[in-house]
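Working notes for the structure below.
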Number of protein chains: 2
Amino acid sequence: MKYLISPSADEALQALNESLSSIRRRMVTIVGCCKVDYTGRAKSFLDYGDRLVIVKADGTVMVHGNEKREPVNWQPPGTSVKYMVEEGLIIEARRASPTETMRIHFKSIQALSIFTLNDGAEINIVGEEADIVDRIESDPSIIEEGLRVVRREKATSSGFIDLLCEDRNGVTVIVEVKRTSISPNAVYQMEAYLADFKKKNDKAIVRGILCAPRVSEMARTLIAEKGLEYRQIGYEFELKDKKQASLDSFK
Amino acid sequence: MKYLISPSADEALQALNESLSSIRRRMVTIVGCCKVDYTGRAKSFLDYGDRLVIVKADGTVMVHGNEKREPVNWQPPGTSVKYMVEEGLIIEARRASPTETMRIHFKSIQALSIFTLNDGAEINIVGEEADIVDRIESDPSIIEEGLRVVRREKATSSGFIDLLCEDRNGVTVIVEVKRTSISPNAVYQMEAYLADFKKKNDKAIVRGILCAPRVSEMARTLIAEKGLEYRQIGYEFELKDKKQASLDSFK
DNA sequence: ATTTGGATGTCGGGA
DNA sequence: TCCCGACGTCCAAAT
């Protein structure tokens with residue numbers, strides 16, 4: 001762990017170039033007054049101001065302002081990072097494919113720290129769309145009595161559908177699941193699935209059911225217009241493995 | 001600027017609670033070994049490991065691992081943050097609407113820093129979808145000779161369209177622009193626009209043109225099937241105001 | 001407060 | 001590699 005308060009550009013550069021070998025898990029944070037130029041998928045300029053800059057070992061670079069969850073400027077993982085001095089410390093972060101360059105120039109540095117993170121844990125998360133599809137697959141009756149799942153995540157030339165089913169009358173039912181709410185886009189998607197399915201299978205009758213905890217107003221209208229169906233469906237999720245104990249203690 | 005190396009939980013808590021008045025632009029970073037419990041829109045557990053935790057003055061909390069641009073856990077702006085000690089430092093970040101709680105427990109702390117960021121600058125960015133629409137609006141001939149823009153961002157009951165135009169023969173043309181590439185979703189959207197427009201306006205002939213630097217293969221097929229059109233269109237973007245000088249010096 | 005669609009989205013999975 | 005869709009997406013603008 002290295003920490004410098006108000007270092008000069010040269011002092012900062014020296015610290016950053018010192019232990020280039022132990023760089024595996026090295027992380028750098030710099031608090032200082034900087035400007036940022038970016039050219040790549042878009043182009044941007046951010047004039048001088050105080051920010052927190054973070055450089056991860058995988059090449060991620062983030063420039064954080066004092067608000068919001070999103071960095072004001074950044075480069076994704078895989079970026080190659082160079083440090084140099086030209087009237088102040090400069091961080092140059094380049095990557096190819098797409099070609100992108102971000103260049104940070106520091107007018108002054110409040111603090112610089114270099115440290116390593118040892119982290120073997122992986123996050124365990126539940127409540128995603130796939131978890132809802134799981135639930136429906138294991139008990140299709142929560143959508144409709146007599147519904148039977150034929151296939152999951154079937155690829156069609158119009159894209160993927162979450163569940164291919166049959167209702168109690170043997171009619172094909174295409175089920176699309178969203179974890180938050182049904183948007184107009186989801187309805188368009190379903191429409192295209194249905195059209196494609198009818199053409200490919202020469203079927204006159206195919207039902208389309210959209211499942212989510214909510215529907216937006218416009219989506220609801222579209223669903224009605226197009227003869228589709230909506231089922232409100234959410235579920236109480238629980239983490240499934242041994243980590244559960246820790247979560248129980250949390251509530 | 002306050003900086004503590006390997007503080008005890010109590011020392012950390014004291015530092016964090018000290019200057020609650022000057023909290024306007026205060027930012028906190030903590031490097032340490034922690035676990036994270038989250039319950040809200042989903043539910044997650046992250047076991048002990050070293051991370052960088054950032055708390056912004058607007059209530060944003062981020063837990064960053066040693067890889068990737070995205071925090072492994074977080075709370076968005078507007079979250080209420082409390083610090084306490086229970087066998088180690090605890091950060092409890094709650095918000096309502098939706099109800100979400102994230103709780104970070106530190107087993108140990110490598111470093112804690114508290115500082116403020118003075119930043120009056122706003123980012124100037126160009127190359128977004130709106131900039132491409134601007135370009136087309138100012139010179140529709142880049143899509144097609146004789147094309148005339150009737151209206152921009154027209155709301156329809158099926159959603160919004162980027163440009164409503166007329167070709168040299170007076171035929172209505174609906175133009176949809178994407179900054180990167182045309183995906184199947186964009187085609188579905190266009191299809192829905194067209195269907196809606198024909199119904200509402202009782203027109204037999206309406207053209208749909210999708211504009212982007214690229215099309216995906218599936219989208220290209222869909223476009224052909226449905227009698228739509230694609231125009232490859234990108235543009236060299238330049239920042240427009242006085243900041244230009246700085247960018248020129250950059251390249 | 002809700003809805004809607006863009007984003008330098010990022011990220012993971014599959015062909 | 002490209003393509004595709006999910007995300008605790010985040011975010012701003014409009015209703």
Does any donor atom in the side chain of [X] or [Y] lie under 3.5 Å from an acceptor atom in the other side chain?
| X | Y | answer |
| --- | --- | --- |
| A:Asn124 | B:Ser44 | no |
| A:Ser183 | A:Asn185 | no |
| B:Glu191 | A:Tyr188 | no |
| A:Thr101 | A:Arg94 | yes |

TODO: For nucleotides C:dT4 and D:dG8, find the distance between their P atoms and express it as a whole number of Å.
DONE: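 To the nearest whole Å, 22 Å.
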TODO: For D:dA14 and C:dT8, measure between their C1' atoms and round to the nearest Å.
DONE: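 Pairwise C1' distance, D:dA14 against C:dT8, rounds to 25 Å.
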Task: Most 5' of A:Gly127 and B:Ile182 on DNA chain D, judged by nearest nucleotide - done: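 This one resolves to B:Ile182.
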Nearest-angstrom distance from the residue atom [atom1] of [X] to [atom2] of [N]:
| X | N | atom1 | atom2 | result |
| --- | --- | --- | --- | --- |
| A:Arg214 | C:dA1 | CZ | P | 14 Å |
| A:Met62 | C:dT8 | CE | P | 17 Å |
| A:Ile125 | D:dA6 | CD1 | C1' | 12 Å |
| A:Ile123 | D:dC7 | CD1 | C1' | 13 Å |
| B:Gln189 | C:dG5 | CD | C1' | 8 Å |
| A:Asn185 | D:dT9 | CG | C1' | 15 Å |
| A:Lys178 | D:dG5 | NZ | P | 9 Å |
| A:Tyr193 | D:dG5 | OH | C1' | 8 Å |

Open item on the list: Measuring to OP1 and OP2 of D:dG5, would you say a side-chain N or O of B:Ser183 lies under 4.0 angstrom away?
Closed with: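 For D:dG5, neither OP1 nor OP2 has a side-chain N or O of B:Ser183 closer than 4.0 Å.
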Open item on the list: If the cut-off is 4.0 Å, is A:Lys43 near the phosphate of C:dT8, judged by side-chain N/O to OP1 or OP2?
Closed with: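 No, outside the criterion.
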Task: A:Glu100 or B:Ser97, whichever maps to the more 5' nucleotide of DNA chain C - done: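 Closest to the 5' end, via its nearest nucleotide, is B:Ser97.
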TODO: With DNA chain C as reference, determine whether A:Ser216 or B:Glu128 sits nearer its 5' end, using the nearest nucleotide of each.
DONE: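 By nearest-heavy-atom nucleotide position, the 5'-most residue is A:Ser216.
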TODO: Mark yes or no for a side-chain to base donor-acceptor pair under 3.5 Å between A:Asn73 and C:dT8, with no hydrogen or angle criteria applied.
DONE: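 Answer is yes: a donor-acceptor pair is held.
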Open item on the list: By the 4.0 Å heavy-atom rule, please label A:Arg220 as base, sugar-phosphate, or nothing.
Closed with: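 No contact.
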Open item on the list: Nearest to the side chain of B:Tyr38, heavy atoms from C-beta on, is which of C:dT8, D:dG8, C:dG5?
Closed with: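 Comparing C:dT8, D:dG8, C:dG5 against the side chain of B:Tyr38, the answer is D:dG8.
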Open item on the list: Can you build the contact string for nucleotides 9-15 of chain C? Use B for base contact, S for sugar-phosphate-only contact, and - for no protein heavy atom under 4.0 Å.
Closed with: SSSS---
Open item on the list: Any salt bridge linking A:Arg51 with B:Asp119? Criterion: basic side-chain nitrogen under 4.0 Å from a carboxylate oxygen.
Closed with: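 Looking at A:Arg51 and B:Asp119, the cut-off is met.
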Task: Electrostatic pair A:Glu137-A:Arg151, nearest N-O below 4.0 angstrom - done: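 A:Arg151 and A:Glu137: not salt-bridged.
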Task: Nearest heavy atoms of B:Glu128 and B:Ile125, plus distance in Å - done: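 Nearest heavy atoms, B:Glu128 then B:Ile125: OE2-CG2, 3.5 Å.
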Task: For B:Asp139, side chain to side chain contact (heavy atoms under 4.5 Å, CB included) partners two or more places apart - done: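 Side chain to side chain contact (heavy atoms under 4.5 Å, CB included) list for B:Asp139, sorted by chain: B:Ser141, B:Ile142.
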